[in-house]
Amino acid sequence: VQLQASGGGLVQAGGSLRLSCAASTRGFSLYSVAWYRQSPGKQRELVAAIRSSGDTNYADSVKGRFTISRDNAVNTVYLHMNSLKLEDTAIYYCYTKDWADHWGQGTLVTVSS
């Protein structure tokens, strides 16, 4: 499985971004996919995840602001980020797992004041 993350960039606080994670695998609809993020000096943390059923879960820090969704027709998972805060600045990684862990290359989100 190869994951390609994109969509990061520079945005002002209060703004929005949409991240995309494109997967190159058959049977993508059966995979759970998650977004993680890592800020300088901090551990990588789970942001949101979506299961094959469509069930989702979110970190408390992003609930009500971020939405994870998937389009199995194009093998892509999205992270819609609204009301961005300075503390959302991080490298965002998408992740999935079968018999091994698979990480995307990361996309940088910078929120400015």
Side-chain angles (χ1 to χ4, degrees):
V1 178
Q2 288 187 324
L3 301 176
Q4 181 73 34
S6 61
L10 176 63
V11 63
Q12 286 192 323
S16 299
L17 278 177
R18 188 186 75 168
L19 305 184
S20 299
C21 175
S24 61
T25 183
R26 292 185 176 181
F28 173 74
S29 63
L30 300 177
Y31 285 74
S32 294
V33 179
W35 284 98
Y36 284 77
R37 67 185 181 187
Q38 188 166 21
S39 305
K42 294 186 177 181
Q43 289 189 331
R44 193 171 296 189
E45 62 174 354
L46 176 66
V47 176
I50 186 165
R51 297 170 182 76
S52 58
S53 63
D55 290 342
T56 59
N57 62 280
Y58 298 90
D60 288 342
S61 59
V62 306
K63 281 181 182 176
R65 299 189 298 121
F66 290 11
T67 301
I68 189 170
S69 64
R70 66 190 303 158
D71 185 345
N72 292 329
V74 292
N75 281 11
T76 301
V77 167
Y78 303 99
L79 186 67
H80 307 261
M81 305 186 295
N82 297 319
S83 302
L84 282 161
K85 302 177 180 180
L86 297 179
E87 53 264 40
D88 294 319
T89 294
I91 300 174
Y92 285 71
Y93 300 90
C94 54
Y95 165 85
T96 193
K97 179 183 176 88
D98 43 29
W99 60 85
D101 294 328
H102 304 283
W103 293 91
Q105 84 287 7
T107 185
L108 176 62
V109 173
T110 304
V111 184
S112 65
S113 59

Check your understanding: Picking from Thr76, Val77, Ile68, what satisfies side-chain contact (heavy atoms from CB on, under 4.5 Å) with Val33?
Key -> Val77

Check your understanding: Same cluster for Trp35 and Val109 if Ile/Leu/Val/Met/Phe/Trp/Tyr side chains link at under 4.5 Å?
Key -> yes

Check your understanding: Taking the six-membered ring for Trp, are Phe28 and Tyr31 parallel (under 30°), tilted (30 to 60°) or perpendicular (over 60°)?
Key -> parallel

Review point. What distance do Ser32 atom OG and Lys97 atom NZ have between them, rounded to the nearest 0.5 Å?
Key: 11.5 Å

Review point. Please, which pairs that meet ring-ring contact (aromatic ring centres under 6.0 Å, His included) have at least one residue in residues 44-72, sequence neighbours excluded?
Key: none

**Study point:** Whether Gln105 side chain and Ala5 backbone form a donor-acceptor pair below 3.5 Å
**Key:** yes

Review point. Do you know the tightest heavy-atom contact between Ser52 and Ser29?
Key: CB-O, 3.0 Å

Exercise for review: List the atom of Leu79, the atom of Ala48, and the distance in Å for their closest heavy-atom pair.
Suggested key: CD1-CB, 4.1 Å

Counting only pairs under 3.5 Å, give me each side-chain donor-acceptor contact of residues 8-25, with atom names and distances, residues two or more places apart or in other chains.
{"from": "Ser16", "atom 1": "OG", "to": "Asn82", "atom 2": "OD1", "distance (Å)": "2.9"}
{"from": "Ser24", "atom 1": "OG", "to": "Gln2", "atom 2": "N", "distance (Å)": "3.3"}
{"from": "Ser24", "atom 1": "OG", "to": "Gln2", "atom 2": "O", "distance (Å)": "3.3"}

Point to revise | Distance, nearest 0.5 Å, that separates OG1 of Thr56 from CZ of Arg51 | key: 8.0 Å

Revision key, fill the gap. d(Thr107 OG1, Gln4 CD) to nearest 0.5 Å is 9.0 Å

**Study point:** Single-linkage hydrophobic cluster Val62~Ile50, side-chain heavy atoms < 4.5 angstrom
**Key:** yes

All N/O donor-acceptor pairs, side-chain side in residues 83-95, below 3.5 Å, sequence neighbours left out:
{"from": "Asp88", "atom 1": "OD1", "to": "Arg37", "atom 2": "NH1", "distance (Å)": "2.9"}
{"from": "Asp88", "atom 1": "OD1", "to": "Arg65", "atom 2": "NH2", "distance (Å)": "3.0"}
{"from": "Asp88", "atom 1": "OD2", "to": "Arg65", "atom 2": "NH1", "distance (Å)": "2.7"}
{"from": "Asp88", "atom 1": "OD2", "to": "Arg65", "atom 2": "NH2", "distance (Å)": "3.4"}
{"from": "Asp88", "atom 1": "OD2", "to": "Lys85", "atom 2": "N", "distance (Å)": "2.7"}
{"from": "Thr89", "atom 1": "OG1", "to": "Leu86", "atom 2": "O", "distance (Å)": "3.0"}
{"from": "Thr89", "atom 1": "OG1", "to": "Val111", "atom 2": "N", "distance (Å)": "2.9"}
{"from": "Thr89", "atom 1": "OG1", "to": "Val111", "atom 2": "O", "distance (Å)": "3.4"}
{"from": "Tyr92", "atom 1": "OH", "to": "Arg37", "atom 2": "NH1", "distance (Å)": "2.9"}
{"from": "Tyr92", "atom 1": "OH", "to": "Asp88", "atom 2": "O", "distance (Å)": "2.6"}
{"from": "Tyr95", "atom 1": "OH", "to": "Asp101", "atom 2": "OD1", "distance (Å)": "2.6"}

